[in-house]
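Here the structure comes first, spelled out in structure tokens, and everything after it is commentary.
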Amino acid sequence: MKKYLGILLLYNLGKWCHQPLITAVAIAWLGYALYQFVRRHGQDEADDADEITQSQALFEEAQVEYRYITTAQFEQTMNHLDNPGQLGDVLVAKMAQRRPVGAVALLTTGILKARQAMIQTGIIERSDEKRKSANTPGYDLVSHQYAEVAGKQFNLYHRTHLLPFRFTLSEGDNIDGLLFTGTAHLNHGDRPQINYLMLHNQARVNQLYAAYQNNHYRLILSDVHVPGEVAGTNYSLDDFEQLATRIILSKKQSETEFKYEVSCDYDTEGPLPQSITVNLWDLTHQTLAFTVTLPNDI
């Protein structure tokens, strides 16, 4: 604004003093200023158009198709190197005896990047309310169980995703069977009953990724106890979700295809699984990236 006032004063000064040269300079300056304004305005519009195009591409790449499959179909694909659907699909087994069975996410490196970008830019947001409204069998039986740490209450059980939010963009409110009742220990690594809270698990994920790399890009973990931690402290579902994310995003080709699958394992008739089995398959290179079974223990 000050620039344009200065041009106007210079123009009027030339008029008042009968100095054509000053007037001409003012007119030339004004013309240049207008040119710069139009150029910037046009660039802004071009930037907006680019942003809209990028957002549309992001939406298309991140698109999710939620589909139910039967227990038999899930059992046929679980622990097998195959592709039971279309890339981008989230396949959830229909609950059996009102209990979660398992779920599958079919991803590429590009799809996961797009879904993470949707979350990071705020296009898709997490929602506690949606998660609380989702059907989580057995949670009402244990939701009152907690432990206190430094005067603060921590639940011993969580509403837990079979597939991480960044893989599905769902809180489980739109498809039954995606959430189950998992211990805080299994879900996030917390053991509040012994004052053990998992604040940062990056070191754990680094350990797992190093083991994966050092074993020719394959990890079959039979001992799930975390080295150097208190006895009975196991790796968590979140640890392996982050490991899967790192492996998928490490691929240079955005078209690299993966199948991430999780199954609930029951030893009793109750609604809570006794353990969870997690597999990541690299479909492009026809290899098993990792497999692990995690106990649903407090």
Ignoring hydrogens and geometry, is there a side-chain-to-backbone donor-acceptor pair from Arg115 to Phe167 under 3.5 Å?
yes
Identify the heavy atoms of Pro192 and Asn155 that sit nearest to each other, and give their distance.
CG-O, 4.2 Å
side-chain contact (heavy atoms from CB on, under 4.5 Å) with Arg204: of Asp238, Leu243, Val226, only one passes, and it is Val226
Strictly distance-based, threshold 3.5 Å: is any side-chain N or O of Asn215 a donor or acceptor partner for the main-chain N or O of Ala211?
no
Is a side-chain N or O of Lys259 found less than 3.5 angstrom from the main chain of His80, in a donor-acceptor match?
yes
Apply side-chain contact (heavy atoms from CB on, under 4.5 Å) to Leu81 and Leu288, showing your working.
CA-CA 8 Å; Leu81 181 60; Leu288 175 65; over 6 Å; no
Distance in Å, Gln202 CD paired with Tyr209 OH, rounded so as to fall on 0.5 Å steps:
12.0 Å
Going through the checks in order, is the side-chain contact (heavy atoms from CB on, under 4.5 Å) test met by Tyr212 and Arg246?
CA-CA 11 Å; Tyr212 159 78; Arg246 184 178 295 188; over 6 Å; no
Are Leu208 and Leu221 close enough that some pair of their side-chain heavy atoms sits under 4.5 Å apart?
yes
May I have the step-by-step check of side-chain contact (heavy atoms from CB on, under 4.5 Å) for Tyr66 and Val92, ending in yes or no?
CA-CA 8 Å; Tyr66 303 98; Val92 180; over 6 Å; no
Side-chain heavy atoms of Ile298 within contact of His185, under 4.5 Å:
no
Backbone of Gly270 reached by a side-chain donor or acceptor of Arg99 within 3.5 Å:
yes
Is there a continuous path of hydrophobic side-chain contacts, each under 4.5 Å between heavy atoms, that joins Val142 to Ile194?
no
Check: Thr70 main-chain N/O paired with Gln73 side-chain donor or acceptor under 3.5 Å
yes
Can you tell me if Asp265 uses its side chain to pair, donor with acceptor, with the backbone of Pro273 under 3.5 Å?
no
Apart from Ile220 itself, members of its ILVMFWY cluster (side-chain separation under 4.5 Å) are none
So which atom in Pro100 and which in Phe180 form the shortest heavy-atom distance, rounded to 0.1 Å?
CG-CB, 3.8 Å
Between Asn83 and Trp281, is there a side-chain heavy-atom distance shorter than 4.5 Å?
no
Does His161 use its side chain to pair, donor to acceptor, with the backbone of Ser170 at less than 3.5 Å?
yes
Can you name the nearest heavy-atom pair linking Asp140 to Ser143, along with the distance?
O-OG, 3.7 Å
Pair Arg166-Gln242, side-chain contact (heavy atoms from CB on, under 4.5 Å): steps then yes or no:
CA-CA 10 Å; Arg166 58 187 169 276; Gln242 291 198 38; 3.7 Å; yes
Cluster question for you: counting only ILVMFWY and a side-chain heavy-atom cut-off of under 4.5 Å, with indirect links fine, are Leu219 and Ile247 together?
yes
Could you tell me the separation between the CD atom of Glu257 and the CD1 atom of Ile248, rounded to the nearest 0.5 Å?
12.0 Å
To the nearest 0.5 angstrom, please state how far the CE atom of Met95 sits from the SG atom of Cys264.
10.5 Å
Hey, is CD on Gln253 packed in by over 12 heavy atoms from elsewhere, all under 6.0 Å?
no
Should Val90 and Ile175 count as side-chain neighbours, where that means a heavy-atom distance under 4.5 Å?
no
CZ of Phe154 to CG of Leu197: how many Å apart, nearest 0.5 Å?
4.5 Å
Do the side-chain N and O atoms of Arg191 and Thr233 include a donor-acceptor pair separated by under 3.5 angstrom?
yes
For Tyr266, the hydrophobic cluster (side chain heavy atoms closer than 4.5 Å, chained through members) also holds none
Say whether, by atom type as modelled, one donor and one acceptor occur between the side chain of Gln286 and the main chain of Leu283 under 3.5 angstrom.
yes
Joint hydrophobic cluster, Met118 plus Leu178, side-chain heavy atoms closer than 4.5 Å:
yes
Are Tyr146 and Leu141 linked, directly or through other ILVMFWY residues, by side chains that come within less than 4.5 angstrom of each other?
no
Decide whether Met198 and Leu156 are clustered together by the hydrophobic rule: side chain heavy atoms of Ile, Leu, Val, Met, Phe, Trp, Tyr closer than 4.5 Å, transitively.
no
Assess whether atom CD of Gln86 is packed by more than 12 heavy atoms of other residues, nucleotides or ligands within 6.0 Å.
no
Please tell me whether Thr109 and Ser254 have a donor and an acceptor in their side chains that are separated by less than 3.5 angstrom.
no
How about Ile124 and Phe165: do any of their side-chain heavy atoms sit closer than 4.5 Å?
yes
Does the side chain of Thr277 reach to within under 4.5 Å of the side chain of Met78, using non-hydrogen atoms?
yes
Over 12 foreign heavy atoms within 6.0 Å of OH, Tyr196
yes
Check His158 against Asn187 and note the closest heavy-atom contact, atom names and distance.
ND1-ND2, 2.9 Å
Between Ile111 and Thr108, what is the shortest heavy-atom contact and its length?
N-OG1, 3.0 Å
Can you check whether Thr181 reaches Pro271 side chain to side chain, under 4.5 Å on heavy atoms?
no
Using 0.5 Å steps for rounding, measure from the CG atom of Leu162 to the CG atom of Leu237.
8.0 Å
Linking directly or through intermediates, with side-chain heavy atoms under 4.5 Å: list the remaining ILVMFWY members grouped with Val205, chain and number order.
none
Answer yes or no: is there a donor N or O on one side and an acceptor on the other, between the side chain of Asn201 and the main chain of His188, under 3.5 Å?
no
Determine yes or no for a side-chain-to-main-chain donor-acceptor pair under 3.5 angstrom, with Glu61 supplying the side chain and Ala114 the backbone.
no
Using a 4.5 Å cut-off on heavy atoms from C-beta on, say whether the side chain of Thr287 contacts that of Tyr217.
no
Measure the NZ-CG distance between Lys130 and Asp173 for me, rounded to the nearest 0.5 Å.
5.5 Å
Taking every heavy atom of His225 against every heavy atom of Asp223, the minimum-distance pair comes out as N-OD1, 3.1 Å
Taking CZ in Arg126 as the centre, count heavy atoms belonging to other residues, nucleotides or ligands within less than 6.0 Å. Is the count above 12?
yes
Return yes if a side-chain donor-acceptor contact under 3.5 Å exists between Asp297 and Asn234, otherwise no.
no
